Amino acid sequence: MPAVVIVGAQWGDEGKGKATDLLGSRVDYVVKFNGGNNAGHTVVIEGEKYALHLLPSGILTPGCTPVIGNGVVVDLSVLFEEIDGLEARGIDTSRLKLSTNAHVIADYNRSLDKTTERFLGKRKIGTTGRGIGPTYADKMNRLGIRVQDLFDEKILHAKVEGALEQKNQILTKIYNRRAVGVDETVEELLSYVDRVRPYVTDTALLLHEALRRDETVLLEAGQATLLDVDHGTYPFVTSSSATSGGACTGSGIAPTEITRVIGIVKAYATRVGEGPFPTELFDEDGERLRVNGGEFGTTTGRPRRCGWYDAPVARYAARINGVTDFVLTKLDVLTGWDRIPVCVAYEVDGERVEEMPASQTDFHHAKPIYEYFPGWSEDISGARELSDLPANAQAYVRELDAISGSRISAIGVGPGREQTVVVHDLL
Ligand code: GDP
Ligand code: IMO
Ligand code: MG
């Protein structure tokens, strides 16, 4: 009864979608357990590119059941846009399951996300503007709308009314915006009822029964460790639990069921939005990583901030998530540098610090201490075995393996499903 978790080990966009897709044919269920359509996963299959936001990457694998768990926040218009887009390309989406307990992103929360960011000005988080933060805030405030509420019009009406009593005060009195009508919101949500009904189920029970039958469940995180609301660089984080603990609360699978935790880590680092990023580059190297790695957001198209590999961050992710195996992605992007810097520790106010500082102020002050490794110039995109990699690339991987807190079990050498070097089997 294997339940395997995939998490991002840095600030997102590590290549979780590709890793999930790679394992897809060997798993029975792929579960998205946190976040919403703030995520953007690009998966390339036989040269065809798919950009997924809300749907689990397992949707692309015939025979695999994709599940949207209770920990996810669902924008219903995006859900059906994605379903229609995939169906038009011949992908069968009928197996999708959606938790009765997942929360729904109402239009007022999309507006509040964008308006709040504008009001924060210099202090903004740089959110994706999809209504994620306000919807999770409603969940915690016990003001949220859940998928099951769509099937009881009276309850739905009462809940929307309750939420809007507060929201309209904020929208009109603080943000000087128009009040949102209860009826129009209810009507919009109800317009999806018939389409959504066939997908809705008790997903926690479904997954529990699957595990009892010895089927394999893959739990796929959106975002990443450093964007986790508890363990990330708060307040520059998303509003959900993107670490392996979140896989349990966001799916209803118990911690004792988790057999493996796979951390996805890029061979360098990127970040979108605001917040600290010690190895960030502002020079030609940063630009070269951005261009070579195609580092532009799948969701918002924003250029991603780029920097060198940060080993304390990887060790932190290994520790917080209990990573058993790392997948090191995008090694091919580093081809062509004479030497490659790796951050092995930080200098914080004159002191050498080996691990992620516990204080956010210290992390803001952290300066990377680099070690330098010789680069390679050979094209590695065709490598399928460790021995296919040039000696210096192998040495770079060995070094990261030694200092990242868990073993590196697979290496990405290109965006294609098959462009992977497997060192240890992942399932
Ligand atoms: P996710 O959000 O973690 O799923 O990652 P994204 O899809 O947002 O970003 C990762 C990008 O890198 C995508 O465009 C992938 O197609 C691409 N990618 C994944 N693995 C590799 C790799 O090993 N090499 C290269 N060159 N691209 C990769
Ligand atoms: P995937 O799953 C990278 C970032 C946003 C912003 C912060 C909060 O593709 O790795 P939010 O809209 O969630 O309230 O924004 O989190 N962010 C991501 N960055 N990859 C993602 O997802 C992200 N999802 C959110 O840029 O800084
Ligand atoms: Mg992404």
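Both backbone and side-chain heavy atoms feed into the values below; hydrogens, waters and symmetry mates do not. Remember, it's a predicted structure, so these values are computed and weren't measured experimentally.
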Would you call Asp84 and Arg195 a salt bridge, taking side-chain N to carboxylate O under 4.0 Å as the test?
yes
Does CG belonging to Asp338 count more than 12 external heavy atoms closer than 6.0 Å?
no
Assess whether a salt bridge exists between Glu355 and Arg315, defined as any Lys/Arg side-chain N lying under 4.0 Å from an Asp/Glu carboxylate O.
yes
In the structure I gave you, are the side-chain heavy atoms of Asn34 and Gln223 within less than 4.5 Å of one another anywhere?
yes
Quick check against the 3.5 Å criterion: does Glu117 have a side-chain atom that pairs as donor or acceptor with the backbone of Gly126?
yes
Just by distance, with hydrogens left out, do Thr127 and Asn38 show a side-chain donor and acceptor under 3.5 Å apart?
no
Test log, rule salt bridge (Lys or Arg N to Asp or Glu O under 4.0 Å), inputs Arg212 and Glu209
CA-CA 5 Å; Arg212 295 285 79 75; Glu209 288 175 342; over 6 Å; no
Mark yes when over 12 heavy atoms from residues, nucleotides or ligands other than Glu418 sit less than 6.0 Å from its CD; otherwise mark no.
yes
Is it true that Glu274 and Lys124 make a salt bridge, defined as a side-chain N closer than 4.0 Å to a carboxylate O?
yes
May I ask you to check whether over 12 heavy atoms, not counting those of Arg339, lie within 6.0 Å of atom CZ?
no
CG of Asn37 to OG1 of Thr128, rounded to nearest 0.5 Å, is 7.0 Å
Do Glu280 and Arg305 meet the salt-bridge criterion of a basic N to acidic O distance under 4.0 Å?
yes
Lys/Arg cation over aromatic Phe326: Arg407, 6.0 Å, 45° cone:
no
Between the side chains of Thr335 and Trp376, does any donor sit under 3.5 Å from an acceptor?
yes
Within the side chain of Lys16, is there an N or O that forms a donor-acceptor pair under 3.5 Å with the backbone of Val7?
no
Short question: side chain of Thr300, backbone of Gly297 - any donor-acceptor pair under 3.5 Å?
no
I'd like to know if Lys266 and Asp13 make a salt bridge, using a cut-off of under 4.0 Å between side-chain N and carboxylate O.
no
Can we say Arg304 and Glu295 salt-bridge, meaning some charged N sits less than 4.0 Å from an Asp/Glu carboxylate O?
yes
Exceeds 12 heavy-atom contacts within 6.0 angstrom, atom CZ of Arg123
no
Return yes when atom CZ of Arg142 has more than 12 non-hydrogen atoms of other residues, nucleotides or ligands closer than 6.0 Å, and no otherwise.
no
NZ-OG distance between Lys97 and Ser94, expressed to the nearest 0.5 angstrom:
8.0 Å
Are Val217 and Leu219 close enough that some pair of their side-chain heavy atoms sits under 4.5 Å apart?
yes
How close do Gly36 and Val72 get, heavy atom to heavy atom, and via which atoms?
CA-CG1, 4.4 Å
Please determine if Arg352 and Glu354 form a salt bridge, counting it only when a charged side-chain N lies under 4.0 Å from a carboxylate O.
yes
Salt bridge check: are Lys18 and Asp21 linked by an N-O gap of less than 4.0 Å?
no
Between Arg130 and Asp113 (salt bridge meaning N to carboxylate O under 4.0 Å), is one present in this structure?
no
Say whether, by atom type as modelled, one donor and one acceptor occur between the side chain of Tyr316 and the main chain of His231 under 3.5 angstrom.
yes
Would Arg271 and Phe277 count as a cation-pi pair here, with the cationic atom under 6.0 angstrom from the ring centre and within 45° of the axis?
no
Just do the salt bridge (Lys or Arg N to Asp or Glu O under 4.0 Å) check on Glu48 and Arg89 with the steps written out, would you?
CA-CA 10 Å; Glu48 281 271 320; Arg89 294 174 73 178; 2.7 Å; yes
Please name the residue in the list Thr279, Ile403, Ile369 that meets the side chain to side chain contact (heavy atoms under 4.5 Å, CB included) test with Val342.
Ile403
Is there a donor-acceptor pair closer than 3.5 Å between any side-chain N or O of Ser240 and the backbone N or O of Ala242?
no
Phe296 atom CZ, over 12 foreign heavy atoms within 6.0 Å
yes
Could you grab the distance from atom CD1 of Ile83 to atom OG1 of Thr93, nearest 0.5 Å is fine?
5.0 Å
